[in-house]
Amino acid sequence: MARAVDRVYTRLRADILDGVHPAGARLGEAELAEATGSSRTPVREALRRLEVEGLVEILPHRGARVPDWTPEDLEEIYELRMLLEGAAARRAATRIEPEDTARMAELCELIERSCAPGGAQDLDRVAELNAEFHGIVRAASASGRLVSMLNSVTQLPLVMRTFHRYSPGDLDRSCAHHRELVAALRAGDGTWAESVTRAHVLAAKAVLLRAASPPAPGDEAMPPAHDRTHGNEDPPDVHR
């Protein structure tokens, strides 16, 4: 049974993250059991695991569905992320190993290459590298409870393909935050590391809220990074 649950969970999670089941989609147990070649019991258990991660919501008498996040949901989730990610960075500053910060510096290079405009730009690869980057910080925080809480609020950027919503200026700012966080961790300065991390998360929240809000009359929505020419614009100010 455990193996069947793991298999169904892996399949459903991948399908949600890939947009096979978009926001608001109903997740019927019978249909999912047929699609995954399993019984309804593994499907039910897999859905419960996904609910804990925030990728599924199970409503009384209405079944399971993929959440459809409102701007208020985004505000709440990113406020929690800011606090938790900041705390993880503060703890990591006095615990992280030199080989970890060396790998983070390598990841900065790889992320910047993948962010560069043109045919080689790969924002899905940016998301993968970014996850490894921040995963190093969480592991270095040496707090299983903190990491567990973080895992429950860090699925949203994957579902919403956050980096595809970034302007060139947003990408530049994100990369600069990464570089500064590495410097703070190398200096062993927890206050600095926490401050940079909070700014980083708040900037990401601003991007998603901008994308989720309808444009004002007469305003044109800002095209995403992969649809714009990368000029020499200055990145917007970040409130720390």
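In what follows, every heavy atom counts, from backbone to side chain, and hydrogens, waters and symmetry copies are set aside.
Partners of Leu80 by side chain to side chain contact (heavy atoms under 4.5 Å, CB included), not counting sequence neighbours, listed by chain and number: Glu76, Val153. For Arg91, the salt bridge (Lys or Arg N to Asp or Glu O under 4.0 Å) criterion is met by no residue, not counting sequence neighbours. For Arg49, the salt bridge (Lys or Arg N to Asp or Glu O under 4.0 Å) partners two or more places apart in sequence, or in a different chain, are Asp6. Under the side chain to side chain contact (heavy atoms under 4.5 Å, CB included) criterion, Val147 pairs with Arg138, Ser141, Asn151, not counting sequence neighbours. With sequence neighbours excluded, no residue forms a salt bridge (Lys or Arg N to Asp or Glu O under 4.0 Å) with Glu51. In this view, Asp15 and Arg11 satisfy the salt bridge (Lys or Arg N to Asp or Glu O under 4.0 Å) rule, not counting sequence neighbours.
For residues 15-44, no pair satisfies ring pair (Phe, Tyr, Trp, His ring centres under 6.0 Å), with sequence neighbours left out. Screening residues 183-192 for salt bridge (Lys or Arg N to Asp or Glu O under 4.0 Å) gives no qualifying pairs among residues at least two apart or on separate chains. Within the structure, no pair that satisfies the ring pair (Phe, Tyr, Trp, His ring centres under 6.0 Å) test touches residues 28-56, not counting sequence neighbours. The ring pair (Phe, Tyr, Trp, His ring centres under 6.0 Å) analysis of residues 32-62, with sequence neighbours excluded, yields no pairs. Sorted by first and then second residue, the pairs that involve residues 103-146 and meet ring pair (Phe, Tyr, Trp, His ring centres under 6.0 Å), not counting sequence neighbours, are Phe133-His178, His134-His178, His134-His200.
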Side-chain donor-acceptor pairs under 3.5 Å in residues 26-35, sequence neighbours left out?
| from | atom 1 | to | atom 2 | distance (Å) |
| --- | --- | --- | --- | --- |
| Glu29 | OE1 | Arg44 | NE | 3.4 |
| Glu29 | OE1 | Arg44 | NH2 | 3.0 |
| Glu29 | OE2 | Arg44 | NE | 3.3 |

